[in-house]
Amino acid sequence: MTPAAATLASPGRQALDSALLQLDQAADRLHLDDGLRTMLATPRRSLTVSVPVRREDGRMDVVQGFRVQHNTTRGPAKGGIRFHPSTDIHEVTALAMWMTWKCALVGIPYGGAKGGVSVDPASLTTRELERVTRRYVNEILPIIGPDKDIPAPDVGTDEQTMAWIMDTYSVNAGYPVPGVVTGKPTTLGGSLGRAGATSRGVRIATLKAMSGSPEGRTVAVQGFGKVGAPAARYLADAGCRVVGVSDATGAVVNHSGLDVEDLRAWVEETGGVYGYRHADALSHEDLLELDVDVLVPAALEGAITAENASRIRARLIVEGANGPTTPEADRILADAGITVVPDILANAGGVIVSYLEWVQNLQACSWSANEVDTRLRDLMEEAFDAVAAMSAERGLSLRQAAHVIGVGRVADAHRMRGLYP
Ligand code: GLU
């Protein structure tokens, strides 16, 4: 694609181009043949649905929904459902592909999937949101199930959404099927420790990547939401000084350190970080460019680009979001000696505890928070050590190493299974 065409492409198309480029580079390093490359570049199943929704005033709107199963070679497809106005089939495909490598990298028996509905949940009443969710699930019903494809929360969806999904699927099945979805409320078979799991994984990855003590290390978090806010809290608990955070409403900085819990209470009360009294306001761009030890991008794709990468001053970037750094930005950051812990490693805590939830559902049992946390830590640390070792051995960035491991494991599984017929 020419640079001009790349600028015109939708954010979703750009995310997919990034994912395909990362796959291509890993495939080169693994010397994969053309047939296998094409298999891995192509989703196994890709469904677009129309979701009619009755609005409160009686009108009917139709929104688009998607579910992409990128790969099912190592196990059933797994991945979240995103409700966001700019979600499109390209973005969902990219996110599904990243889920495949993520699950392989952390050694859990899943392929990768993602779902999405092009809707702004904030523009809907709770009843409209419930209707959108249930109708979307009804449309994708034939391809999901505890042995087929297991959705979970992502941007714009939460425990309540997962409860509606569990209910819609179960009512259609005629009996309760808790294992069809993860990230459920604990009263419906959700796992202890699933809420906050992605953020605890971010903390584990950050502490592993930091050389020396976390005490007093400065942190900026872009996206003070479901992943970013608890990550800020966990990093502060570990001794770091969280100096800046941002969300859709604005960005705030306090160089002496923010009181993360007080800020969360402010956000709860007002709907965003904007106007927080014990900090100064700054622009979204300036937040990303703060002179800090650690930057955690925890919002959407494409936050760190060729345009702003050269102004990033953090020494370490830990990707709480999926795809926040473009491949061009990656090169600029590498040249500047900035370490990036890639998304498929840094934010894998969510799907790891989703897996633990699913195992508990299938066995009809429940584990203690401690047991869940120990397993999360073991899987995260094992994956981190494998990536660090591969990076050192082959002179690769952590992202390149993570992709070589993830893509390599999926390629091995394809070879062992062979091609039918
Ligand atoms: N949406 C999360 C992710 O991107 C979690 C997926 C899951 O738990 O299946 O990793």
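Whatever order the structure lists them in is the order used to number ligands and atoms, beginning at 1.
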Cation-aromatic face contact Arg375/Trp367, 6.0 Å, 45 degrees: yes

Gap separating the CG atom of Asn322 from the NZ atom of Lys114, nearest 0.5 angstrom: 5.0 Å

Please evaluate residues Thr325 and Glu319 with respect to the criterion side chain to side chain donor-acceptor pair (under 3.5 Å), reporting the C-alpha separation (whole Å), side-chain torsions for both, the decisive distance (0.1 Å), and the verdict. CA-CA 8 Å; Thr325 311; Glu319 295 183 334; 2.5 Å; yes

Closest to atom 7 (C) of ligand 1 among protein heavy atoms sits Ala152 CB, 3.3 Å

Between Ser191 and Gln360, is there a side-chain donor-acceptor contact under 3.5 Å, judged purely by atom types and distance? yes

Could you please spell out the steps behind the ring pair (Phe, Tyr, Trp, His ring centres under 6.0 Å) verdict for Trp101 and His70? CA-CA 10 Å; Trp101 318 140; His70 169 256; 5.3 Å; yes

Under 4.0 Å from one or more heavy atoms of Lys114, ligand 1 contributes atoms 1 (N), 3 (C), 4 (O)

So which bit of Val353 gets within less than 4.0 Å of ligand 1, heavy atoms only: side chain, backbone, both or neither? neither

Using a strict threshold of under 4.0 Å (side-chain N to carboxylate O), is an ion pair present between Arg217 and Asp293? no

Which ligand 1 atoms are under 4.0 Å away from a heavy-atom of Ser354? 7 (C), 8 (O), 9 (O)

Out of all atoms in ligand 1, which are within 4.0 Å of some heavy atom of Gly79? Include the element for each. 9 (O)

Does Asp385 come within less than 4.0 Å of Lys208, counting only side-chain N to carboxylate O? yes

Going through the checks in order, is the salt bridge (charged side-chain N to carboxylate O under 4.0 Å, His left out) test met by Arg233 and Asp237? CA-CA 6 Å; Arg233 159 75 199 278; Asp237 288 350; 3.0 Å; yes

Pairs of nitrogen or oxygen atoms closer than 3.5 Å, one from Arg194 and one from ligand 1: do any exist? yes

How far is atom 3 (C) of ligand 1 from its nearest protein heavy atom, and which residue and atom name does that atom have? Lys102 NZ, 3.4 Å

With heavy atoms of Met99 as the reference, note each atom of ligand 1 found under 4.0 Å away. 3 (C), 4 (O), 6 (C), 10 (O)

Of all protein heavy atoms, the one nearest atom 9 (O) of ligand 1 is Lys78 NZ, 2.7 Å

Kindly confirm or rule out an N or O of Asp154 lying under 3.5 angstrom from an N or O of ligand 1. yes

Ligand 1 atoms nearer than 4.0 angstrom to some heavy atom of Gly350 are 8 (O)

Considering both backbone and side-chain atoms of Pro153, is one of its nitrogen or oxygen atoms within less than 3.5 Å of a nitrogen or oxygen in ligand 1? yes

